[in-house]
Q: 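The structure follows.
Chain letters run A, B, ... following the sequence lines, proteins first, then strands; residues in each count from 1.
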Amino acid sequence: MLFTYNDITRDVVETPDVCIIGSGAGGAVMADVLSSAGLDVVVLEEGGYYTKDRYSTYKPAVAMKILYRDYGATVAFGKNPIILPLGKAVGGTTVINSGTCFRTPDNILRDWAERFGVQNASPREMEPFFEQVEKKINVTPVSPEVLGKNGLVFKRGADALGMSNGMLRHNMINCHGCGRCAFGCPHDAKQAVHLNFIPSALEHGARVYANARAEVITLESGRVTKIQGSILNEKTGNKLYNLSIAPKVLVLAAGAIYSPYILQKNAIPASPELGRNLTIHPAVRVTAMFDEIIQGYKGVPQGSYVDAYASEGIMLEGIFVPPEIGLPILAPIGQESKEAARRYDHLAAYGVMVSDKNSAGRVKVGIDKRPFITYHFDPYDFKKLIKGIALASEIFFAAGATTVNPGIFGIGEFTGPDDVAQLFTKKIPITSVEMMAFHPLGTARMGEARDHTVVNSYGKVHDIGNLFISDGSIFPTSLGVNPQVTIMSFALRNAQHIVDNKGTLFA
Amino acid sequence: MAVKELKVFDQKTYNIVRAIADTIIPPGGAFDVDPKAVDPVLLLDNYIDSLSTLQLKAIRAIISTIEYAPMVTRLRRFTKMSPGQRLRYLQGWENSRIFSKRNIFLLLKMLIMMSYYSDDAVAEAIQYHPECLIKD
Ligand SMILES: Cc1cc2nc3c(=O)[nH]c(=O)nc-3n(C[C@H](O)[C@H](O)[C@H](O)COP(=O)(O)OP(=O)(O)OC[C@H]3O[C@@H](n4cnc5c(N)ncnc54)[C@H](O)[C@@H]3O)c2cc1C
Ligand code: SF4
């Protein structure tokens with residue numbers, strides 16, 4: 001059964017086998033596997049339950065208010081604040097993500113085994129989990145007919161320069177190419193987890209509470225005994241009822257920001273590494289003007305990639321947003337803003353994302369008792385970002401762009417490929433680049449090397465018998481690729497491990 | 001103009017934000033919509049109603065700073081300036097070498113422009129017609 005605040009008329013008290021906090025990529029998979037193994041599962045999700053009937057009516061700005069946390073403007077502070085949007089809904093961030101699917105790169109899995117002692121997660125051992133996840137969420141390459149011109153022109157440029165590129169794989173069925181993936185797919189073509197793993201968990205008897213925020217975790221003799229929280233009015237955010245769950249096992253799947261935050265707020269004695277080592281894949285957007293009409297808002301916004309420099313930790317992936325989201329960032333003020341709006345159909349955009357090699361951040365409980373996120377962007381990684389901006393600019397010119405905007409304060413628009421060299425000759429402070437990031441990971445690293453990790457190879461918090469973490473927190477390093485398939489596949493593997501150890505865990 | 005449907009701003013704050021909005025997106029130019037039909041400040045006011053008290057305080061502080069800061073250098077409030085002076089003053093924020101000043105202004109500009117360009121009449125004026133590449 002799925003309950004929203006509308007269905008609940010009194011305090012909620014439950015004593016399930018498993019309580020899962022969070023229903024996103026990590027939580028939904030856990031809920032499905034554990035409930036199908038016959039365990040009694042309760043899922044708590046702070047966000048509401050939204051279906052296409054609801055989000056297809058939302059304009060992008062409204063979707064950002066409703067489906068995202070903090071209106072999509074969660075910030076990681078540092079020399080340069082980085083916007084780090086997070087989803088908040090049944091289905092978590094998968095409801096508003098771009099749908100791109102990558103398996104964990106082999107070299108990353110090997111590195112985790114070598115440096116962090118992660119066991120039984122070699123490329124060969126992970127293969128069946130990737131396969132099962134990809135089947136369930138229907139991972140398939142984006143078809144050229146829905147790519148749209150934004151992706152096509154960039155491909156044209158990359159081909160002209162002989163740079164390796166291709167169509168991304170997405171979790172989708174019958175995509176219409178309407179360009180709204182980040183605001184809730186109005187056709188339910190994007191297979192976010194509220195369309196597969198959650199319904200399947202419900203079929204197996206799981207109870208999912210939407211608008212249910214977990215707040216207090218009680219630990220007694222090294223075991224979690226109780227979770228308390230609130231049922232919230234979706235419209236006002238006000239508390240309606242109390243929530244009290246006493247499970248045999250708690251799985252925390254609130255994402256890489258909120259999982260460490262909840263544990264810290266409750267002074268749960270996990271490793272001192274908890275909340276540290278945050279990686280985010282810092283990203284920027286490069287835009288270009290073309291004489292031809294692009295209408296980048298038609299087509300899959302993130303349909304293609306250029307991976308020519310992936311080995312250096314630089315990935316270029318499509319990105320496009322409708323004018324009400326794009327113009328506020330791109331257009332100058334005054335009459336020029338209106339001219340920019342009229343030219344929006346000629347605009348193309350592409351994203352540059354880098355892996356965090358030396359950079360890292362931290363999540364702590366802030367003075368306002370909310371999560372306080374900091375991120376130190378290392379100069380080495382910043383150089384990669386600048387190189388990525390240069391590559392995207394060159395590709396746009398090779399595709400026939402008339403001007404390219406590198407998105408760097410103090411460096412104007414490029415009017416030809418020769419201008420790109422400025423990126424390497426001028427001093428560019430970190431504060432002059434507007435950055436975003438979409439992939440928070442790593443705040444509760446897994447592995448058997450206890451000094452450096454928070455959870456073991458299967459997501460169990462060291463020294464707490466019945467507490468698991470199953471979300472983006474557990475990955476020891478940056479992936480270099482979009483993380484949802486990695487999160488789901490590890491959730492599947494770790495859920496299977498819980499089922500295999502049912503006898504001891506649920507005795 | 002007295003606006004009755006305000007949820008967050010008082011009338012005085014509304015007037016300041018309206019002056020800022022009219023400078024960021026002035027009437028006339030490349031396209032026009034009836035300013036009586038589209039009120040980005042009212043849309044903005046309704047949009048930010050679920051921000052936390054702390055966040056709303058921060059937004060009010062930004063608005064007050066924009067209004068009163070020019071008293072120091074130009075001896076008059078923002079709303080008392082001519083349209084040309086207002087534009088130059090806000091461009092000073094937008095292009096400031098001080099990164100935090102630039103960013104604070106960006107936040108307000110984003111909220112105003114997002115509200116404005118979300119309006120159907122404006123979408124029509126800029127001929128923004130979102131459609132699927134594959135029809136049902
Ligand atoms: C705009 C955008 C585009 C993206 N595009 C892609 C992409 O194309 N491909 C890709 O692989 N990844 C993408 N990502 C990232 C990907 O979606 C996330 O990494 C992934 O969903 C994270 O999974 P998770 O389980 O860690 O957390 P989430 O999916 O974020 O789920 C956590 C859930 O926990 C809930 N929660 C938090 N605290 C509490 C509490 N106290 N009580 C109850 N519930 C709580 C939250 O509301 C949330 O629903 C994108 C992200 C964004 C923001
Ligand atoms: S492009 Fe449109 S139809 Fe396709 S997945 Fe994205 S939102 Fe859904």
Q: Can you tell which part of Leu106(B) gets under 4.5 Å to a heavy atom of chain A, answering side chain, backbone, both or neither?
A: side chain

Q: For Gln295(A), is it the side chain, the backbone, both, or neither that has a heavy atom closer than 4.5 Å to a heavy atom of chain B?
A: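 No part of Gln295(A) comes within 4.5 Å of chain B.
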
Q: Examine whether an atom of Arg343(A) lies under 4.5 Å from a heavy atom of chain B, and if so say whether it belongs to the side chain, the backbone or both; otherwise answer neither.
A: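 Answer is neither: Arg343(A) stays 4.5 Å or more from chain B.
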
Q: Could you walk me through whether Lys65(A) and Asp49(B) pass the salt bridge (charged side-chain N to carboxylate O under 4.0 Å, His left out) check?
A: CA-CA 10 Å; Lys65(A) 177 176 176 176; Asp49(B) 63 346; 2.7 Å; yes

Q: Is it the side chain or the backbone of Pro60(A) that comes within 4.5 Å of chain B heavy atoms, both, or neither?
A: neither

Q: Checking Ala123(B) against chain A: side chain, backbone, both or neither under 4.5 Å from a heavy atom?
A: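 Nothing of Ala123(B), per the 4.5 Å heavy-atom cut-off to chain A.
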
Q: Of the backbone (N, CA, C, O) and the side chain (C-beta and beyond), which part of Ser118(B) lies under 4.5 Å from a heavy atom of chain A, both, or neither?
A: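 Contact with chain A is through both the backbone and side chain of Ser118(B).
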
Q: Determine the sole option in Pro322(A), Cys185(A), Pro186(A) for which the side chain to side chain contact (heavy atoms under 4.5 Å, CB included) test with Arg180(A) is passed.
A: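 Testing Arg180(A) for a side chain to side chain contact (heavy atoms under 4.5 Å, CB included) against Pro322(A), Cys185(A), Pro186(A) leaves exactly one candidate, Pro186(A).
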
Q: What I want to check is whether the side chains of Thr13(B) and Asp10(B) have a donor and an acceptor closer together than 3.5 Å.
A: yes

Q: Is it true that Gln55(B) and Ser52(B) share a donor-acceptor pair across their side chains at a distance under 3.5 Å?
A: yes

Q: Of the backbone (N, CA, C, O) and the side chain (C-beta and beyond), which part of Asp368(A) lies under 4.5 Å from a heavy atom of chain B, both, or neither?
A: side chain

Q: At a heavy-atom separation under 4.5 Å, does Lys79(A) approach chain B through its side chain, its backbone, both, or neither?
A: backbone

